[in-house]
Amino acid sequence: MLDIKIVRDNPGAVRTNLARRNDPGVLRMFDELLGHDQEWRRYFAEAGELRSRRNKVTEEIARLKRQGLDASERMREAAEIPQRIKEVEDKMNLQRERMDYILMRLPNLMDESVPYGKDDTENVVVRTWGEPRKFGFKVKDHIDLAEALDLADMERAAKVSGARFYYLKGDLVRLNFAVVAYGLDFMAQRGFLPFLPPYMMRRRIVEGAVALTDFEDMIYKIEGEDLFLLATAEHALLGLHADEILDGKSLPLRYCGVSPCFRKEAGAHGRDTKGIFRVHQFEKVEQFVFCKPEDSPKEHELLIRNAEELFRSLKLPYRIVNVCSGDLGTVAAKKYDLEAWLPGQGKYREEVSCSNCTSYQAVRSNVRCRDRTSDPTRYVHTLNSTLVATERTLVAIMENYQQEDGSIAIPEVLVPYMSGLREIKRAK
RNA sequence: GCCGGGAUACCCUAGCCUGGUAGGGGGCUGGCUUGCUAAGCCCGUGUCUCGCAAGGGACUCGUGGGUUCAAAUCCCACUCCCGGCGCCA
């Protein structure tokens, strides 16, 4: 959510930035917002004057009564004010509701370095690491590998739970948790405090983190309760400090969360319908940072570097893209994706998404900071990045580490987390 | 799930019964004073809004309603915390 004060101070600059979204609806909403804000302030001032008068008369009544004098004339005068206050407040609240409606739907301001583009085909590659491996045999995709080695059961998952669910089996289950455990150690070594968050959250907390359009498309609701299934640990980590004023000296707060992630992904039909690349649940180790506004660009670079180091340690070739304006989404001011090379598809595919959300989530969730209690408060900046998301990373490992005999080698760094197992073969 | 107690500013706490300017302590901040392992005193300390500014005004006692000229205080609903009982991998 945009900070209304920033909007008031620089309406022209904010409008120019929003115009880069190339969405006429956004500009229309923005212009409406300015109108509602002016009206709101007018009614706000009027209500303030009325309350001021009422307070003065009320004080006078209290004074007269203390002195044992007759206050009935004053009380008659005061009696008519509450009705008028209510009328003005109703008008004021109507304007406020319309403002909030718009503010909850306007996207974040984009960073200047975001490239202009219509969709994900126009993201800009900023660097590439590693060479796609040359295979001396016919390469399989992860679906064929899983089937040949009996590492997953998609058909029975469809029977039990529907499309886009899966059973992992055998050593692939162990590899899944090896990746999580490795990721967790990796983060702890870098001073990120690990959290295992609640897997369900109230609406207020989710709304503090995501755009409302994403809400319906992505989040599972618990029937009959004000609870929603976690789509990423990011949301729960942000919610940790909702409505708090953080001590500036404690910033940056560098956290990591490990959790399952549940996603509806409505509208994604037709893409990646097979296999475990795009699914309704997976596990993820997530990086999350609360920092001072001036520090967010360098924290953003830190988070993407962490993800890169992890993928390098797994020896998975990847590239980093700077996500363009048309693919950026509502919440992030700037986003890097890490795309790993998938030999089975012959493409780089998204494994990691690393966002600088600036103050967008902090305003929605009301997270502020200050160095001294006598200083004014400021909204913090928040950043989040995948470190590693298991099912997608399993796909990358399976396809990149496949061997001519059909088995899959275990990346060196994961061997200790697999009790020394070095390759996954077909069980006898 | 049941019974009882509670939620006051950055932190702690008084006020609630009996409605009438939210008081005290700590912390932080700025200032003043005194010759010294520091102490004392004073201003400030949340949100919104009007104003170039100086400075006004409103709001804020867990949340939302209600009663009243006036609500931290009375009434209703809800949330969370603490204690006891019950249930429980």
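Chain letters run A, B, ... following the sequence lines, proteins first and then strands; every chain starts at 1. Predicted, not measured: the structure shown is a model, and the values here were computed from it.
The side chain to side chain contact (heavy atoms under 4.5 Å, CB included) check on A:I320 picks up A:V126, A:R127, A:I304, A:E308, A:Y318, A:Y336, A:L338, with sequence neighbours excluded. Residues forming a ring pair (Phe, Tyr, Trp, His ring centres under 6.0 Å) with A:F44 (at least two apart in sequence, or on another chain): A:W40.
Between the P atoms of B:rG46 and B:rG30, the separation comes to 15 Å (whole Å). A gap of 14 Å separates the P atoms of B:rA7 and B:rC17, to the nearest Å. Using P as the reference atom, B:rC74 and B:rU21 are 16 Å apart when rounded to the nearest Å. Using atom C1' as the reference point in both B:rC48 and B:rC43, the two lie 24 Å apart (nearest Å). Spacing of C1' atoms, B:rA9 relative to B:rA14, comes out at 14 Å, to the nearest Å. Between the C1' atoms of B:rC82 and B:rG24, the separation comes to 25 Å (whole Å). Between B:rU13 and B:rG83, the two P atoms lie 16 Å apart (nearest whole Å). When the C1' atom is used for both B:rU29 and B:rC42, the distance is 13 Å, rounded to whole Å.
A:T330 and A:Y360 share no donor-acceptor pair across their side chains, judged by distance under 3.5 Å alone.
Atom-to-atom, CD1 of A:I205 to P of B:rU79 comes out at 16 Å; the value is rounded to the nearest Å. Residue A:E39 contributes atom CD, which lies 14 Å from atom P of B:rC50 at whole-angstrom precision. Atom CD of A:E244 and atom P of B:rC10 are 12 Å apart (whole Å). Distance A:Y43 OH to B:rC48 C1': 19 Å, rounded to the nearest Å. Distance, A:K5 NZ to B:rG46 C1': 12 Å, rounded to whole Å. What separates CG of A:D243 from P of B:rA9 is a distance of 14 Å, to the nearest Å. Rounded to an integer number of Å, the gap from CZ of A:R368 to C1' of B:rA9 is 12 Å. The distance between atom CG of A:L50 and atom C1' of B:rC59, rounded to the nearest whole Å, is 15 Å.
Aromatic rings of A:H280 and A:F262 (six-membered ring for Trp) have centroids beyond the 6.0 Å cut-off, not under it. A:F288 has its ring centre less than 6.0 Å from the ring centre of A:F290. For A:H36 and A:Y101, the gap between ring centers reaches or exceeds 6.0 Å.
With rounding to the nearest 0.5 Å, the separation of CD in A:Q287 from CG in A:N384 is 9.5 Å.
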Under-3.5 Å N/O pairs linking protein and nucleotides 53-57 of chain B:
{"residue": "B:rG57", "atom": "O3'", "partner": "A:S52", "partner atom": "OG", "Å": "3.3"}

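For B:rU47, one of the phosphate oxygens OP1 or OP2 lies less than 4.0 angstrom from a side-chain nitrogen or oxygen of A:T377. Within the 4.0 Å cut-off from OP1 or OP2 of B:rC80, at least one side-chain nitrogen or oxygen of A:R202 is found.
A:E39 and A:R42 are joined by a salt bridge, as a carboxylate oxygen and a charged side-chain nitrogen come within less than 4.0 angstrom of each other.
The nearest heavy atom of RNA chain B to A:R370 and to A:R51 marks one nucleotide each, and the one closer to the 5' end goes with A:R370.
Under the Watson-Crick and G-U wobble criteria, each requiring two contacts below 3.5 Å, nucleotide B:rC17 is left unpaired. When both pairing distances are held under 3.5 Å, B:rC74 makes a Watson-Crick or G-U pair with B:rG66. B:rC52 is unpaired under the Watson-Crick or G-U wobble criterion, no partner having all donor-acceptor distances under 3.5 Å. Using N1 to N3 plus N6-O4 or O6-N4 for Watson-Crick, or N1-O2 and O6-N3 for G-U wobble, each under 3.5 Å, B:rG44 pairs with B:rC28. Of all nucleotides present, only B:rA7 satisfies the Watson-Crick or G-U wobble test against B:rU79, with each distance under 3.5 Å.
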Please list every donor-acceptor pair under 3.5 Å in which a side-chain atom of residues 183-197 of chain A meets a protein atom from a residue at least two apart or in another chain.
{"residue": "A:D185", "atom": "OD2", "partner": "A:Y417", "partner atom": "OH", "Å": "2.6"}
{"residue": "A:R190", "atom": "NH1", "partner": "A:F186", "partner atom": "O", "Å": "3.0"}
{"residue": "A:R190", "atom": "NH2", "partner": "A:E309", "partner atom": "OE1", "Å": "2.8"}

Which pairs of donor and acceptor atoms, one on a side chain in residues 386-393 of chain A, lie under 3.5 Å apart (sequence neighbours left out)?
{"residue": "A:T386", "atom": "OG1", "partner": "A:S353", "partner atom": "N", "Å": "3.2"}
{"residue": "A:T390", "atom": "OG1", "partner": "A:N176", "partner atom": "OD1", "Å": "3.1"}
{"residue": "A:T390", "atom": "OG1", "partner": "A:E283", "partner atom": "N", "Å": "3.1"}
{"residue": "A:T390", "atom": "OG1", "partner": "A:E283", "partner atom": "O", "Å": "3.1"}
{"residue": "A:T390", "atom": "OG1", "partner": "A:E283", "partner atom": "OE1", "Å": "3.3"}
{"residue": "A:E391", "atom": "OE1", "partner": "A:E283", "partner atom": "N", "Å": "3.4"}
{"residue": "A:E391", "atom": "OE2", "partner": "A:Y166", "partner atom": "OH", "Å": "3.3"}
{"residue": "A:R392", "atom": "NE", "partner": "A:F277", "partner atom": "O", "Å": "2.9"}
{"residue": "A:R392", "atom": "NH1", "partner": "A:E350", "partner atom": "O", "Å": "3.1"}
{"residue": "A:T393", "atom": "OG1", "partner": "A:E351", "partner atom": "OE1", "Å": "3.3"}
{"residue": "A:T393", "atom": "OG1", "partner": "A:A389", "partner atom": "O", "Å": "2.9"}

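Under the side chain to side chain contact (heavy atoms under 4.5 Å, CB included) test applied with A:L18, the options A:N22, A:T16, A:V14 reduce to a single match, A:V14.
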Protein proximity profile, nucleotides 63-77 of chain B - base contact B, sugar-phosphate-only contact S, no contact -, cut-off 4.0 Å on heavy atoms: ------BS-------
